[in-house]
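Step one of this worksheet: look at the structure below.
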Amino acid sequence: MTDGSDPLAIALFSEVFMTGQLARNRLSKALPKGMELSHFSVLNHLAHVKDEKSPAQLARAFHVTKGAMTNTLSKLEWAGYVHIRPDWDDARRKFVSISPAGKSARDAALHAITPVIGDAVHDIGPEKIRAALPVLRSLRDELDED
């Protein structure tokens, strides 16, 4: 346990927070008009899992409240990017899946942000990025233990 004034920890988290903020800002600007980073994140997740998820499962996966996830899913459903259906066994629950329009929107967003990500990796250098990934994954695992 530390006393809270560890300069290494403070420097690390300052860099992580600022990097996250700058990355979100840059990626948000590159996304297609009307799409938010939270929308892309959910669509990207659903495209990879290839299975229906409940709003509660999605909220846990993204570490947000169920209300925040419900809000995001409502916007995605209104845009036609996800299908939300009731659970036939328990009418209180719902299931979410990505629609064909959602897959297209996710692909368009990925196409728009790939140059931003690719340029950053190129400028920093793939070898430095590869070296940083294990440390960042360990940090994420450490923070995700709750």
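Reckoned from all heavy atoms, side chains included, excluding hydrogens, waters and symmetry mates. This structure is a prediction, so every number in the text was calculated from the model and none was measured.
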Original post:
Under a 4.5 Å cut-off applied to non-hydrogen side-chain atoms, are Leu76 and Ile84 in contact?
Top reply: no
Among all residues two or more places apart in sequence or in another chain, which pass the side chain to side chain contact (heavy atoms under 4.5 Å, CB included) test with [X]?
X: Ala68; value: Val64, Thr65
X: Lys53; value: Leu46, Val49, Gln57, Leu58
X: Ala56; value: Ser54, Arg60, Lys66
X: Asp90; value: Asp87, Arg92, Arg93

Original post:
Hydrophobic cluster mates of Leu8, side-chain heavy atoms under 4.5 angstrom, ILVMFWY only, any path?
Top reply: none
Original post:
Given a cutoff of under 4.5 Å between side-chain heavy atoms of I, L, V, M, F, W and Y, with clusters grown through shared members, what are the other residues clustered with Leu22?
Top reply: Met18
Subject >> Closest contact, heavy atoms only, Ala30 versus Ala112 >> reply: O-CB, 3.2 Å
Subject >> Shortest non-hydrogen contact between Gly80 and Ser99, atoms and distance >> reply: O-OG, 2.6 Å
Original post:
When rounded to the nearest 0.5 angstrom, what is the spacing between CE in Met69 and OG in Ser38?
Top reply: 8.0 Å
Original post:
What distance separates Ser14 OG from Ile10 CD1, expressed to the nearest 0.5 Å?
Top reply: 7.0 Å
Subject >> Inter- and intrachain pairs under salt bridge (Lys or Arg N to Asp or Glu O under 4.0 Å), touching residues 76-86, at least two apart >> reply: Glu52-Arg85
**OP:** May I have all residue pairs that pass salt bridge (Lys or Arg N to Asp or Glu O under 4.0 Å) and include part of residues 12-34, sequence neighbours excluded?
**Re:** none
Are [X] and [Y] connected in the hydrophobic side-chain network, where two residues link if heavy atoms are under 4.5 Å apart?
X: Val116; Y: Leu110; result: yes
X: Ile117; Y: Leu43; result: yes
X: Val135; Y: Ile129; result: no

Original post:
Can you name the residues that form a ring-ring contact (aromatic ring centres under 6.0 Å, His included) with Phe62, not counting sequence neighbours?
Top reply: His45
**OP:** Among residues two or more places apart or on two chains, list those pairs meeting side chain to side chain donor-acceptor pair (under 3.5 Å) that have a residue in residues 112-139.
**Re:** none
**OP:** Give a yes or no on whether the backbone of Ala59 and the side-chain of His63 come within a donor-acceptor separation of less than 3.5 Å.
**Re:** no
Subject >> Pairs where residues 6-43 contributes a residue and the test ring-ring contact (aromatic ring centres under 6.0 Å, His included) is met, not counting sequence neighbours >> reply: Phe13-Phe17
Original post:
So which pairs with a foot in residues 67-120 pass ring-ring contact (aromatic ring centres under 6.0 Å, His included), sequence neighbours left out?
Top reply: none
Subject >> Stepwise side-chain contact (heavy atoms from CB on, under 4.5 Å) test for Lys75 and Met35 >> reply: CA-CA 10 Å; Lys75 291 177 182 178; Met35 182 174 287; over 6 Å; no
